[in-house]
**Student:** 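For reference, the structure I am asking about is given below.
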Amino acid sequence: MSNKEIAKIFSQLANLLELKGENHFKVRAYRNAARVIDALPESLEEMVKNGKDLTKLPAIGEQIAQKIEQIVKTGKLPKLERLKKEFPPALLSFLSIEGLGANRVKTLYEKLHVDTVAKLQKMAKEHKIRSLKGFGPKLEEKIAKGLKLLKQEGIRFLYEEAEPFANELKEYLQKAPGVIKVEIAGSFRRRKETVGDLDILASAKEPEIVIDYFTKFPKTAEVISAGETRSTIVLQNSLQVDLRVVKDEHFGSALHYFTGSKAHVLEIRKFAIDMNLKVNEYGVFKGSHNIASKTEEDVYKVFGLNYIEPEIRENRGEIEAARDGKLPNLVTLNDLQGDLHIHTNYSDGLASIEKMVLKARELGHKYIAITDHSNSLSIVKGLDREKIVRYLKEIDKINEKYDDITVLKGMELDILEDGSLPYGSDILIQFDIVLGAVHSKFKLSKEQETERLIKAIKSPYIKVISHISGRLIGKRAPLDLDYQEIFKVLKEEGKFLEINSQPSRLDVNDILAREAKEMGVKFVINSDAHSQMQLEYLKYGINQARRGWLEKDDIANTKGLNEFLQILNR
DNA sequence: GCCGTTTTCGGCCCGACTGTTTTCAGTCG
């Protein structure tokens with residue numbers, strides 16, 4: 001059972017208890033626990049197996065620790081099963097309708113006996129909802145609208161999908177009358193792999209003018225709200241955008257607040273309470289005196305903390321690290337000197353080897369590896385024995401032609417179901433770098449999949465494991481693997497773990513990257529480009545690496561060519 | 001339900017916006 005699944009159980013529990021009218025703070029305790037679990041780097045299942053004391057974790061006390069053990073051991077929580085029977089299942093889904101929280105859902109259920117989506121639809125249509133105390137025509141309309149969206153709920157956008165809209169909005173707002181600063185905040189600024197909405201912060205002397213300008217953004221489908229200092233719109237592609245406008249002297253504290261994560265900000269606020277200070281988006285207050293608000297650096301400084309990069313503001317130990325001067329010096333795009341996973345029209349890429357090399361030179365790469373797919377059952381269009389001869393010859397030719405870049409002979413080798421490889425040493429020995437990757441049979445048992453990868457890692461020819469989990473964000477779940485065991489073998493064998501920069505892969509993810517780093521595993525960050533343009537995807541891999549606390553020295557392709565080849569062949 | 005040099009009870013982050021009211025509850029982030 002994954003942490004995500006366990007977190008979901010507690011989150012459901014919180015929702016149901018809230019419907020029941022249980023103590024507000026108890027509900028919040030479960031929600032806090034769910035959030036902590038969701039963000040937890042270690043696997044709870046492993047921790048339980050190893051007899052770790054769960055109550056050492058924040059927001060987890062005796063009660064919740066016991067429940068976690070129960071969940072890990074039996075796969076479910078009796079308390080939740082019981083509660084689920086008390087309420088029609090549709091009520092939980094009502095909570096995701098904008099404007100409906102536990103109290104209103106409860107009222108609808110108790111007064112109008114609404115227990116299905118259809119019934120809620122009917123009541124809205126017949127204008128029965130507006131007659132309830134505390135409800136009115138506007139709310140009724142909102143519920144009807146929300147019901148239509150219910151079917152497509154839970155849409156998160158890939159970072160890369162949201163990026164052009166973020167840039168366009170920023171540019172647009174910078175032209176707003178009287179605007180001083182504009183910054184995209186929220187999960188986008190933290191460079192999360194997906195974003196639920198865009199949070200934008202601006203500063204201006206007269207916020208109303210900026211708000212008004214914002215609601216006229218050309219791609220707006222709907223204005224949800226527009227107050228004096230904040231506004232929410234939904235774009236035509238259904239991406240929600242929140243804007244907050246503050247006075248310029250409050251920009252730093254507001255940026256900190258709106259960048260989040262929520263868990264990070266809450267932790268800072270607790271920190272503040274301990275120091276007899278109060279934090280809100282307008283600043284850090286000692287009594288009524290505002291002592292820090294202009295920049296984020298000022299805010300952290302007040303608490304005796306070093307500046308924390310947005311990518312690691314997840315309350316996973318960064319605040320303690322900032323206090324103790326132990327923050328990582330995060331890797332940057334400029335640190336990369338090469339890219340070791342590139343496809344061409346020899347397999348499923350779009351461009352020729354030379355075109356990819358030209359683009360790589362343009363990006364300033366000192367070396368790259370061309371790594372087309374091997375030919376095997378799951379990848380039919382790959383390099384067969386006959387093609388390999390031409391392929392290697394062509395790379396030789398390119399190397400003669402350009403002296404400012406080195407092109408390594410590589411291949412992305414399919415790892416077969418039993419962990420064996422489609423080619424033997426007669427072929428593989430001709431290559432400088434071979435990546436191993438799984439492309440089929442994603443549903444073997446955890447033991448089989450783990451064994452499969454370990455066998456491949458132990459092959460002397462495989463140097464890198466590419467997109468290890470095989471996930472496609474929002475489409476295909478990650479492989480169920482014993483990652484700790486695999487990381488152990490990677491470290492022992494001196495092989496590299498790839499951070500794949502494809503926006504829908506970003507594999508390994510931030511949490512696993514950090515775990516592997518702590519176990520001493522070294523990385524490569526690769527674009528896995530299938531076109532010239534995709535060579536620029538490295539920036540997304542860098543985002544993920546930074547979220548995983550990786551530093552320059554953790555990553556082999558930050559080294560110059562000679563040093564890189566040395567550690568590759570060690 | 002969690003948590004703790006203002007400890008084992010009594011607190012629990014904080015503010016904006018909307019729609020309903022006529023001062024505020026509910027929701028959201």
**Student:** If you assign each of A:L277 and A:Q63 to its closest nucleotide in DNA chain B, which residue comes earlier from the 5' end?
**Tutor:**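 It is A:Q63 whose nearest nucleotide is closer to the 5' end.
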**Student:** For the residue pair A:Y213 and A:Y172, categorise the inter-ring angle as parallel (less than 30°), tilted (30 to 60°) or perpendicular (more than 60°).
**Tutor:** parallel
**Student:** Check this for me: A:N329, atom CG, are more than 12 non-hydrogen atoms of other residues, nucleotides or ligands nearer than 6.0 Å?
**Tutor:**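 Atom CG in A:N329 is not crowded, with 12 or fewer foreign heavy atoms closer than 6.0 Å.
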**Student:** Among side-chain atoms of A:R313 and A:S261, is any donor-acceptor pair under 3.5 angstrom?
**Tutor:** no
**Student:** How is A:V27 classified with respect to the nucleic acid when contacts are heavy atoms under 4.0 Å: base, sugar-phosphate, or nothing?
**Tutor:**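 No contact at all - A:V27 keeps every heavy atom at 4.0 Å or more from the nucleic acid.
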**Student:** Would you find more than 12 non-hydrogen atoms of other residues, nucleotides or ligands less than 6.0 Å from A:E46 atom CD?
**Tutor:**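 Yes - once you tally the heavy atoms of other residues, nucleotides and ligands closer than 6.0 Å, there are more than 12.
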**Student:** Please determine, for B:dT8, whether a Watson-Crick or G-U wobble partner exists with both distances under 3.5 Å, and give it or none.
**Tutor:**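 Because no pair has both required distances under 3.5 Å, B:dT8 counts as unpaired.
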**Student:** Scan side-chain atoms only and decide if A:Y537 and A:E160 contain a donor-acceptor pair under the 3.5 Å cut-off.
**Tutor:** yes
**Student:** Considering just the side-chain nitrogens and oxygens of A:Y282, establish if one lies under 4.0 Å of OP1 or OP2 belonging to B:dA16.
**Tutor:**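 Answer is yes, contact under 4.0 Å.
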**Student:** Using the ring of each side chain (for Trp, its six-membered ring), is A:Y282 parallel, tilted or perpendicular to A:H250, with breaks at 30° and 60°?
**Tutor:** perpendicular
**Student:** Encode nucleotides 24-29 of chain B as B, S and - characters from 5' to 3', where the letter depends on protein heavy atoms closer than 4.0 Å: B to the base, S only to sugar-phosphate, - to neither.
**Tutor:** --SSSB
**Student:** For A:F25 and B:dC13, what is the distance between atoms CZ and C1' respectively, to the nearest whole Å?
**Tutor:**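 Atom-to-atom, A:F25 to B:dC13, this comes out as 11 Å.
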**Student:** Taking only the C1' atom of each, what is the distance from B:dG11 to B:dT6 in whole angstrom?
**Tutor:**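 Those two atoms are separated by 12 Å.
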**Student:** Tell me what A:L139 touches on the nucleic acid: a base, only sugar-phosphate, or nothing, going by heavy atoms under 4.0 Å.
**Tutor:** sugar-phosphate
**Student:** Using the rule side chain to side chain contact (heavy atoms under 4.5 Å, CB included), only one of A:V508, A:N500, A:L506 pairs with A:Q544; which is it?
**Tutor:**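 Of the listed residues A:V508, A:N500, A:L506, the side chain to side chain contact (heavy atoms under 4.5 Å, CB included) partner of A:Q544 is A:L506.
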**Student:** If you take any heavy atom closer than 4.0 Å to DNA chain B, which residues from residues 47-61 of chain A end up in contact?
**Tutor:**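 Listed by number, they are A:L57, A:P58, A:A59, A:I60, A:G61.
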**Student:** Quick one: do A:R547 and A:E193 make a salt bridge, cutoff under 4.0 Å?
**Tutor:**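 No.
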**Student:** Determine the Euclidean distance between corresponding P atoms of B:dC9 and B:dC14; express it in Å to zero decimal places.
**Tutor:** 25 Å
**Student:** Could you tell me how far B:dT5 sits from B:dC13 if I compare only their P atoms? Round to whole Å.
**Tutor:**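 About 16 Å, rounded to a whole number of Å.
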**Student:** For DNA chain B, what residues of residues 292-302 of chain A have any heavy atom nearer than 4.0 Å?
**Tutor:**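 Those residues whose heavy atoms fall under 4.0 Å from DNA chain B, taken from residues 292-302 of chain A, amount to none.
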